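Structure, as structure tokens:
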Amino acid sequence: MADHKDTDENPSGGEHQQDDSHQQEHSEHDEAAAEADEPRVEQELLEDEAHPATAEGEALHEHHDHAGHEGEGDDHGTHEGHGEGHGGMHEGHEQMFRRRFFVSTLLSIPVLLYSEMLQEWLGFSVPTFPGSEWINPVFAVIVFAYGGIPFLQMAVPELKDRAPGMMTLISMAISVAFVYSLASVIFPTQSAFFWELVTLIDIMLLGHWIEMRSVRRASSAVDELAKLMPDTAERLTDDGETEEVPVSELSEGDRVLVRPGASVPADGVVEEGDSDVNESMITGESKPVSKDPGDEVIGGTINGDGSLRVRVGATGEETTLAGIMRLVEEAQQSKSKTQVLADRAAGWLFYVALGAAAVTAIAWTVAVSFDATVIERVVTVLVIACPHALGLAIPLVVAINTSLAARNGMLVRDRIAMEDARKLDAIIFDKTGTLTEGEHGVVDMATVEGVDEDDALALAAAVESDSEHMIARAIREAADERDLSAPGASSFEAIKGRGVRANVDGNEVYVGGPNLLSQLDSEVPGHLQRFADDAGENAQTVVYLVRDGELIAAFAMADVIREESFRVVDALHDLGIEVAMLTGDSQDVANAVADELGIDTVFAEVLPEDKDEKVQELQDQGKLVGMVGDGVNDAPALTRADVGIAIGSGTDVAVQSADVILVQNNPMDVVRLVKLSKASYRKMQENIVWAAGYNVFAIPLAAGVLAPIGILLSPAVGALLMSLSTVIVAVNAQMLRRVDLSIPELPSGTPSTEVQPAD
């Protein structure tokens, strides 16, 4: 078998050389075909840009078709279509605007050099020659035709829908400047707008290129995630040999060999071998995670130096990676409230510009009669009303926000929820596994007279033999430590929110917490009650053993408080947020944990189906409430909350009930989420002020409100201000990368987790 593998994997084999040669020829043919077909492709991209909703939907459809492809054809791996989802579409837009920007900028240089106004301002001159007076109009027409026409094409759908927006504004500005400048050649006026026209188009192309680049970086997340999954897997056959099969052919229960350095092909459990696996692309955990037999592995992660044999547990749409991809797609389709506001502002500004132009025309006609000066003022108003900075204001911040969040273990499903996180008045934490480690252990026990402790523990272990609950595991581990043999149990039944029951040696036996005793109406003997009280004071959970209706034993379970939880509560209090805790444990246990952490509100002895009522209780007080839970038992509460936050790792990231998923099982990420939300919203506000402020300042000046005192905004200065506004907005958005999301040092002085920067 080793010889066989060496032959297959030898990159210098003749068969592979032929494949490489064929692939190279195929690639060259594709490049030539793509170059010849470039005009048609660009036209399709412009149509997609003009109909963003349709294009986005088609891209999603293509992505899902690709994800569900069953590996048809021998020569096509699953990676072949990776570029055809969100990332491929937006990359096409980005490359188109990038190319047009550079070509238009190059063609604009002669226009700038032969502009009399710029020569006067900058104190330079260029040689003239017969026909040099035509350089400006000729090159300006070319720039308009190549770089400006696309904006006119994209404005058509806005006008058809009677919903003018950014493309309509841009088209209006460059069209007015173009027509006015050409008219100035035939009917000489005081000034032409040729250099303003070409720079305006260049700036718009640059802005659109930057915007498409930002959108592509965020939108290509699905395609980048898809690339993590290998095309093929080495499936182990019954005789111990391996066979290479497409990942799409794997089924639950198959065994696969994961060689050193290879990607794990599907979610599963390690059966043989040990290795360190790099899970950073899924969980954000920077250090490789040690994997031994019995440990779970996630499809798409990278194996280290060891060899693993993995039993497949989930494939296709059921894998963690597929769940994350669905979350990313949902996030891409959601818009923040501020983005919606910016889109509306662009529409309003179109009407403001038309109104200001009309008022300007009337006022100047009355003041100086209708002449070229009036036309120049109107044109100036319409040209400088174009606020491309407004189009960049929100998308740039959203792109950086999404990148920062993802690289720091936060997956955002709903951008509105991400935006609302800054306004939270209260955050409710589920206790077990969130504020605490979630790993219980039996630290003490008490029995009624006549019942031996070992017998009681063995009986409890028998009842819990079929349960995967952490308390069940703790009881079984305690029995194993004492080398106790649990008797056989039958008729196992889980009682939601209360405990479990089973038949053991003909007896009906229950194991559960205080809610179980309420259901069974069992009396608690005095010494067991004192035992429970003492345990509660020590923040320990008490689990009871009931046999044939009689309470015979109690077990004290300890769940250690996370070291990070102390800093979480302090940090949220510093942000002015109330902290509440929700648990099914007894009131005494809950109070002990709350007192130690400094929690404000405690909800104890709450059944899973009642958790959402506690969220509603705080909402009824007029508070904006966030809920932090494991995303499974807490689904109703996560849905009810204004911001639902699922915390956990592994398959928990694929929960559908939360707005934000914190991939790493670290409650401090809740603080990061709030801080990032506040910082992002602040940047959005600042950018809208910068973008809109330019128009508030420039349009009245262009209209000539200060003309009586000799202040009149020229088209050139207006274009300069517009450019400056765009640059300021872009730079201000980039400043979001510097937001401090670091975790304060823990009480022990342990260094905080390093914050990952945005791309």
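These values consider heavy atoms only, across backbone and side chains, with no hydrogens, waters or symmetry-generated copies. In this text, all values refer to a predicted model and were calculated from it rather than measured experimentally. Position 1 is the first residue of the sequence; numbering continues from there.
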Review point. Can you name the side-chain contact (heavy atoms from CB on, under 4.5 Å) partners of Ala472, sequence neighbours left out?
Key: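 With neighbours one apart ignored, the set is Glu464, Ser467, His469, Arg476.
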Would you say that [X] contacts [Y] through its side chain, given a criterion of any heavy-atom pair below 4.5 Å between the two side chains?
| X | Y | value |
| --- | --- | --- |
| Val543 | Ile471 | yes |
| Met627 | Asp430 | yes |
| Leu662 | Arg672 | no |
| Phe555 | Val511 | no |
| Val542 | Pro514 | no |
| Phe566 | Glu596 | yes |
| Leu520 | Tyr510 | yes |
| Asp669 | Leu673 | no |

[X] side-chain N/O to [Y] backbone N/O, donor-acceptor pair under 3.5 Å:
| X | Y | value |
| --- | --- | --- |
| Thr583 | Ala604 | no |
| Glu605 | Gln587 | yes |
| Thr301 | Val264 | no |
| Ser290 | Asp276 | no |
| Lys675 | Asp740 | yes |

Review point. Nearest 0.5 Å, what's the CG-CZ distance between Asp574 and Arg567?
Key: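 The CG atom of Asp574 sits 7.0 Å away from the CZ atom of Arg567.
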Practice item. Please say which of Asn591, Val593, Ile428 ends up in a side chain to side chain contact (heavy atoms under 4.5 Å, CB included) with Met581. Key: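 Passing option: Val593.
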Practice item. Would you check if there is a donor-acceptor pair between the side chains of Asn515 and Gln519 at a distance under 3.5 Å? Key: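 Not at all, the side chains of Gln519 and Asn515 share no donor-acceptor pair under 3.5 Å.
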Check your understanding: Is there a donor-acceptor contact under 3.5 Å linking the side chains of Gln685 and Arg682?
Key ->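 No.
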Exercise for review: Please test Gln616 against Asp612 for side-chain hydrogen bond (donor to acceptor under 3.5 Å, both in side chains), starting from the C-alpha separation and ending with a verdict.
Suggested key: CA-CA 6 Å; Gln616 184 68 53; Asp612 63 322; over 6 Å; no
Using the side-chain hydrogen bond (donor to acceptor under 3.5 Å, both in side chains) criterion, which residues pair with [X]? Sequence neighbours excluded.
| X | answer |
| --- | --- |
| Asn732 | Lys683, Glu686, Asn687 |
| Gln529 | Asp533 |
| Thr601 | Glu578 |
| Asp595 | none |

Practice item. Answer yes when Asp642 and Lys423 have at least one side-chain N-carboxylate O distance shorter than 4.0 Å, and no when they do not. Key: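 So Asp642 does not pair with Lys423 through a salt bridge.
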Check your understanding: Quick one: salt bridge (Lys or Arg N to Asp or Glu O under 4.0 Å) partners of Asp600, sequence neighbours excluded?
Key ->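 Scan of Asp600 (salt bridge (Lys or Arg N to Asp or Glu O under 4.0 Å), adjacent residues dropped) gives none.
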